[in-house]
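Right, one structure below, let's go through it.
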Amino acid sequence: MKKFGSLIPRSFYNRDPRLVAPELLGKILVRREGRKVLTGRVVEVEAYLGENDAASHSARGETRRNAVMFGLPGFVYVYFIYGNHYCMNVSCLPKGIAGGILFRALEPLEGIEEMAMARGISIAGPKDLENLTSGPGRLAEAFDITRLRDNGKDLTRKKSDLFIAEDPSKDYDRARRILTTPRIGITKAAELPLRYVLAGNAFVSGPRIRG
DNA sequence: TACATGATGCCCT
DNA sequence: GGGCATCATGTAG
């Protein structure tokens, strides 16, 4: 049985992040580590816009750090935050127009032992599994996503060691329900409802959301 | 060159 | 629920 389906094409990302973000839920993030494969289902994302979004890194124009957000859609933007954590985004909209989506939580599927190793924890119970990739810093650490290794990488090439694919289990796709909430951990434009989660999913970060 | 700040997570109460 | 580690980046001087 196939673990992940067809690759998501660049045209998928060549739209407003507010349209791409909810559709990204349920897709599969794939990391190749040599012979091993790590996969996780996207269960929580946040949209970040361009100039009209004060919370976005691209709000004040292009710099060397945020250049990927202004480039072609479907590329990885990784930044380092709070001296401790990496966060992973994918660029949206055509070249020259900023926009992107932050990956906030995954449901780990394959390579759970490798992820736990990367996180420096052991899985002793269901709570440990739920916390494995629940949060932007956590999922980046579990998938060994760093700025040096992954920033600027093309997510739409299957030969890449990092890409996004369809979820082949259609039953899950049918059952999904999407919830929209304000974004987490920001001070500017905090009221905008640009966070998207799969309702009721145990791997969503933050307080439990019933659905 | 210096400094303030942040799209977080962990540990302590 | 709150404090804090820790550093790349951006902006000011």
Side-chain angles (χ1 to χ4, degrees), chain A residues 13 16-18 20-22 24-25 29 40 42-71 73 75-93 98-108 115-125 127-153 155 164 179-198 202-209:
Chain A
Y13 305 101
D16 190 295
R18 285 167 291 195
V20 180
L24 212 43
L25 295 176
L29 179 67
V42 181
V43 300
E44 176 182 349
V45 294
E46 282 177 1
Y48 284 87
L49 317 179
E51 326 178 17
N52 300 326
D53 182 1
S56 174
H57 287 179
S58 49
R60 285 168 213 185
E62 183 171 346
T63 65
R64 189 150 69 233
R65 175 171 71 148
N66 64 24
V68 176
M69 297 267 266
F70 287 82
F75 283 77
V76 181
Y77 168 49
V78 180
Y79 65 88
F80 190 61
I81 192 71
Y82 296 125
N84 289 300
H85 309 286
Y86 289 101
C87 296
M88 173 190 167
N89 305 249
V90 58
S91 62
C92 293
L93 295 167
I101 295 166
L102 169 69
F103 290 78
R104 285 197 54 91
L106 302 173
E107 176 180 344
M115 295 181 205
M117 193 98 67
R119 291 281 331 277
I121 63 172
S122 58
I123 308 292
K127 289 296 172 194
D128 297 322
L129 190 61
E130 288 176 12
N131 288 329
L132 185 58
T133 52
S134 175
R138 289 173 178 170
L139 76 87
E141 189 174 26
F143 275 63
D144 190 27
I145 290 164
T146 65
R147 190 184 64 81
L148 225 53
R149 179 178 180 185
D150 299 303
N151 190 52
K153 202 168 269 183
L155 276 179
I164 300 176
L179 221 58
T180 306
T181 82
R183 294 175 292 188
I184 304 283
I186 57 172
T187 55
K188 302 163 200 157
E191 73 287 354
L192 297 179
L194 295 177
R195 174 171 174 256
Y196 306 84
V197 308
L198 285 181
F203 298 91
V204 167
S205 75
R208 277 292 164 279
I209 298 167

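Throughout, protein chains are lettered first and strands after them, A, B, ... in sequence-line order, and every chain is numbered starting at 1. Any value given below was found using the heavy atoms of this structure, including those in side chains, with hydrogens, waters and symmetry copies removed.
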Task: Of A:Leu102 and A:Arg119, the one whose closest DNA chain B nucleotide lies more 5' - done: A:Leu102
TODO: Anything under 4.0 Å to a heavy atom of chain A counts; send over the first and last such nucleotide of DNA chain B, read 5' to 3'.
DONE: B:dG6 to B:dC10
Under 3.5 Å, side chain of [X] to main-chain N/O of [Y], donor-acceptor pair present?
{"X": "A:Ser56", "Y": "A:Gly50", "value": "no"}
{"X": "A:Glu62", "Y": "A:Phe70", "value": "no"}
{"X": "A:Ser91", "Y": "A:Ala98", "value": "no"}
{"X": "A:Asn151", "Y": "A:Val78", "value": "yes"}
{"X": "A:Glu46", "Y": "A:Arg104", "value": "no"}

Open item on the list: Determine whether A:Leu179 and A:Val204 satisfy the following criterion, side chain to side chain contact (heavy atoms under 4.5 Å, CB included), listing intermediate values before the conclusion.
Closed with: CA-CA 11 Å; A:Leu179 221 58; A:Val204 167; over 6 Å; no
For the residue pair [X] and [Y], establish whether any side-chain heavy-atom pair is separated by less than 4.5 Å.
{"X": "A:Val68", "Y": "A:Val76", "answer": "no"}
{"X": "A:Ile101", "Y": "A:Asn89", "answer": "no"}
{"X": "A:Val90", "Y": "A:Leu24", "answer": "yes"}

Have a look at [X] and say if it touches a base, only the backbone sugar-phosphate, or nothing, with a 4.0 Å heavy-atom cut-off.
{"X": "A:Met69", "value": "base"}
{"X": "A:Arg183", "value": "nothing"}
{"X": "A:Ile186", "value": "sugar-phosphate"}

- [ ] To the nearest 0.5 angstrom, please state how far the CD atom of A:Glu107 sits from the OG atom of A:Ser134.
- [x] 11.0 Å
Task: Pairs satisfying salt bridge (charged side-chain N to carboxylate O under 4.0 Å, His left out), at least one member in residues 135-153 of chain A, at least two apart - done: A:Arg31-A:Asp150, A:Glu33-A:Arg149, A:Arg119-A:Glu141, A:Asp144-A:Arg149, A:Arg149-A:Asp161, A:Asp150-A:Lys153, A:Lys153-A:Asp161
Could I get a table of every N or O pair under 3.5 Å where one atom is in the protein and the other is in nucleotides 3-6 of chain C?
residue: C:dA5; atom: N3; partner: A:Asn84; partner atom: ND2; Å: 3.1
residue: C:dT6; atom: O2; partner: A:Tyr82; partner atom: O; Å: 2.3

Task: Secondary structure string for DNA chain B (Watson-Crick or G-U under 3.5 angstrom, | for other-strand pairs) - done: ||||||.|||||.
Task: Stepwise side chain to side chain contact (heavy atoms under 4.5 Å, CB included) test for A:Asn66 and A:Tyr79 - done: CA-CA 8 Å; A:Asn66 64 24; A:Tyr79 65 88; over 6 Å; no
Task: Strand contacts (DNA chain B) in residues 46-54 of chain A, 4.0 angstrom heavy-atom criterion - done: A:Tyr48
TODO: Applying side chain to side chain contact (heavy atoms under 4.5 Å, CB included), run through A:Thr180 and A:Arg18 and close with a yes or a no.
DONE: CA-CA 11 Å; A:Thr180 306; A:Arg18 285 167 291 195; over 6 Å; no
Open item on the list: Salt bridge check, A:Arg183 against A:Asp53: does any charged N sit closer than 4.0 Å to a carboxylate O?
Closed with: yes
Task: Proximity to DNA chain C (any heavy atom under 4.0 Å), residues of residues 57-64 of chain A only - done: A:Arg60, A:Thr63
Open item on the list: Which label fits A:Tyr77 and A:His57: parallel for a plane angle under 30°, tilted from 30 to 60°, or perpendicular past 60°?
Closed with: perpendicular
